[in-house]
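Let me begin by presenting the structure, written as structure tokens, before commenting on it.
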Number of protein chains: 2
Amino acid sequence: MNTTRSGRPALTRPDGTPLRVLVVDDDPDLAEVLSGALRYEGWRIRTAGDGASALAAARELLPDAVVLDVMLPDTDGFAVLRDLHAVKPDVCVLFLTARDAVEDRIAGITAGGDDYVTKPFSLEEVVARLRGLLRRAGMARQPDEGPRLVVGDLVMDEEAREVTRGGELVELSPTEFELLRFLMRNPRRVLSKAQILDRVWSYDFGGRAHVVELYISYLRKKVDAGRDPMIHTVRGAGYVLKPVTP
Amino acid sequence: MNTTRSGRPALTRPDGTPLRVLVVDDDPDLAEVLSGALRYEGWRIRTAGDGASALAAARELLPDAVVLDVMLPDTDGFAVLRDLHAVKPDVCVLFLTARDAVEDRIAGITAGGDDYVTKPFSLEEVVARLRGLLRRAGMARQPDEGPRLVVGDLVMDEEAREVTRGGELVELSPTEFELLRFLMRNPRRVLSKAQILDRVWSYDFGGRAHVVELYISYLRKKVDAGRDPMIHTVRGAGYVLKPVTP
DNA sequence: CGAACCTCTGAGGGGCCTTTGAGCGGCCGG
DNA sequence: CCGGCCGCTCAAAGGCCCCTCAGAGGTTCG
């Protein structure tokens, strides 16, 4: 079976081959980070820096999905979207856009089944949105099943953004939710504070690892509250999430 | 079968040939120490002193992994990472960075599945991280199986950073963990205190061999506690770890 | 426009880890 | 048999890691 670089079974095309994703951004560093994260999901990645080379790459790769910066040096994302649909009508598109970008045009996009995230984003969010898109479009085969993450009696419904522990609802803020999602996607594995920062916080976050400690303590108060702890500190290494009794 | 210089079966590429690793550091002494340790793993090593020659070497060697100093005389780590991925998209990268540069521009690097260690590091840590990377990337074939070390009834899960003896959990500090990992990777072999210092402690450690004795005694208290001892002293030579009944 | 919520910073404190030093016991050589 | 060396352990200092509290600034929502 095709697997991610983390060992977890990968989200694949229906025939089991790796999903193909094209990353289009004119910032080479950002494109590199993005494609690294997506490659880590076990997918096949290509990058492009402008609209013209994006189209050329798309014609060659026939990607299942495209991560597309709205602001490109030679053209804008919407024009590229039209051309992409001409090349491959069923392609999924995830837009990258500035926070204060034109909301109305973006709104029209999501109606077509595509989606967007605003810069600066976290990699966890990009990956999650992309997985959601591919799943809903029927382009991806679920190795596990459904959009639910389960670790012990802790259950996360990613689409409903709902978390329960032992059946009880746990209410989380956005950052808490993303942190817990990252932990739940890597159960029984020690994650360093740097790893967590890189995945859960925005790529331009300048802060220190201290925030991770803080949010771990928030999560503990809500997820572990009064119960047997699932979140453990590994001194000098990081944090682990694991079921109470393995 | 391909083996390490120590006789232990080596971690190899899927086809059984030795893994190829490129070491890039502008300090020749450090590069030498590193490549010595990696060669000891049974891998094929090349070194480079700057970004340009690193790329040239990469094009020729097509390495499975690169150990890469972030501070290079001619360029920075991010640019090299991009170029390396262009040469070989599935290459694993382990960055070496100064402790106070961690916050700097490392952001996003671990997100792609790559990893880093801060200077001063221990060789055990570098080797362990590299093995982890290669294993997760599916570039390495397990001679034993999985990310678990087993000696007798002593079991170490490196990813969960969990150790059990006879099923019972053994809690270890970071240094204790690394020392035990070194012992478990070299079972039934006498390791001198100097060897242990060189591998487990940082390369700039100024202390004396006395610490090794102390940490061995800590390990005994936790690992051998009340049970048949697995850690043995070989007077005048060093220490051995072996199963209770060979 | 106000209130609630969320995120992040800074400071304080507690506890674990690492290292050092010293003392003791046992093994080995003289 | 005795002295010296090697290894083991205890005790304590210091540092570092981690947790928590309190509050400011920003954002969202009513």
Side-chain angles (χ1 to χ4, degrees), chain A residues 98-100 103 118-122 124-125 161 163 170-180 182 190-197 200-225 229 231-240, chain B residues 99-100 102-103 107 118 120-122 124-125 161 163 170-180 190-197 200-225 229 231-241:
Chain A
R99 177 162 295 276
D100 48 3
E103 299 289 344
T118 60
K119 295 185 180 185
F121 46 78
S122 76
E124 268 301 289
E125 193 175 349
R161 284 208 147 232
V163 176
V170 179
E171 302 206 357
L172 300 175
S173 78
T175 304
E176 288 162 2
F177 182 86
E178 277 208 12
L179 172 56
L180 183 59
F182 184 46
V190 176
L191 302 168
S192 73
K193 277 177 258 192
Q195 265 177 306
I196 295 174
L197 266 186
V200 176
W201 268 260
S202 311
Y203 54 83
D204 70 341
F205 180 70
R208 311 202 141 234
H210 174 55
V211 213
V212 178
E213 299 168 13
L214 191 60
Y215 269 86
I216 287 285
S217 90
Y218 292 160
L219 267 192
R220 282 207 245 246
K221 262 188 249 180
K222 295 182 175 181
V223 173
D224 284 344
I231 303 170
H232 305 270
T233 301
V234 182
R235 204 155 230 276
Y239 299 95
V240 212
Chain B
R99 175 162 292 276
D100 49 1
V102 174
E103 318 284 348
T118 59
F121 45 77
S122 75
E124 265 304 287
E125 193 175 349
R161 245 188 147 79
V163 175
V170 179
E171 304 205 357
L172 300 175
S173 77
T175 306
E176 288 162 3
F177 183 86
E178 274 210 14
L179 172 55
L180 183 58
V190 178
L191 302 167
S192 73
K193 278 177 254 189
Q195 262 178 309
I196 294 175
L197 264 187
V200 176
W201 269 261
S202 311
Y203 55 81
D204 70 341
F205 180 69
R208 310 191 145 249
H210 172 55
V211 260
V212 178
E213 298 170 11
L214 190 58
Y215 268 88
I216 288 285
S217 89
Y218 291 160
L219 269 191
R220 283 208 244 246
K221 260 189 256 183
K222 293 182 175 181
V223 173
D224 285 344
I231 303 171
H232 305 271
T233 303
V234 181
R235 212 180 162 78
Y239 300 95
V240 210
L241 179 78

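- Nucleotides of DNA chain C that come within less than 4.0 Å of any heavy atom of chain A span, from the 5' end to the 3' end, C:dC6 to C:dC16.
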Apply side-chain contact (heavy atoms from CB on, under 4.5 Å) to the pair B:Leu191 and B:Leu241, showing each step before the final yes or no. CA-CA 9 Å; B:Leu191 302 167; B:Leu241 179 78; over 6 Å; no

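- Distance CD/A:Glu176 to NZ/A:Lys221: 10.0 Å, rounded to 0.5 Å.
- Using a 4.5 Å heavy-atom cutoff, the side chains of B:Arg220 and B:Thr233 are in contact.
- Taking the side chain as every heavy atom from C-beta outward, A:Val212 and A:Val200 never approach each other to under 4.5 Å.
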Heavy-atom protein contacts under 4.0 Å, nucleotides 16-23 of chain D, coded B base, S sugar-phosphate only, - none: -BSBBB--

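- Using a 4.5 Å cut-off on side-chain heavy atoms (C-beta onward), A:Glu213 and A:Tyr239 make contact.
- Note on ring orientation: taking the six-membered ring where Trp is involved, the planes of B:Trp201 and B:Phe205 are tilted (angle from 30° to 60°).
- Applying the 6.0 Å contact sphere to CZ of B:Arg208 captures no more than 12 heavy atoms from other residues, nucleotides or ligands.
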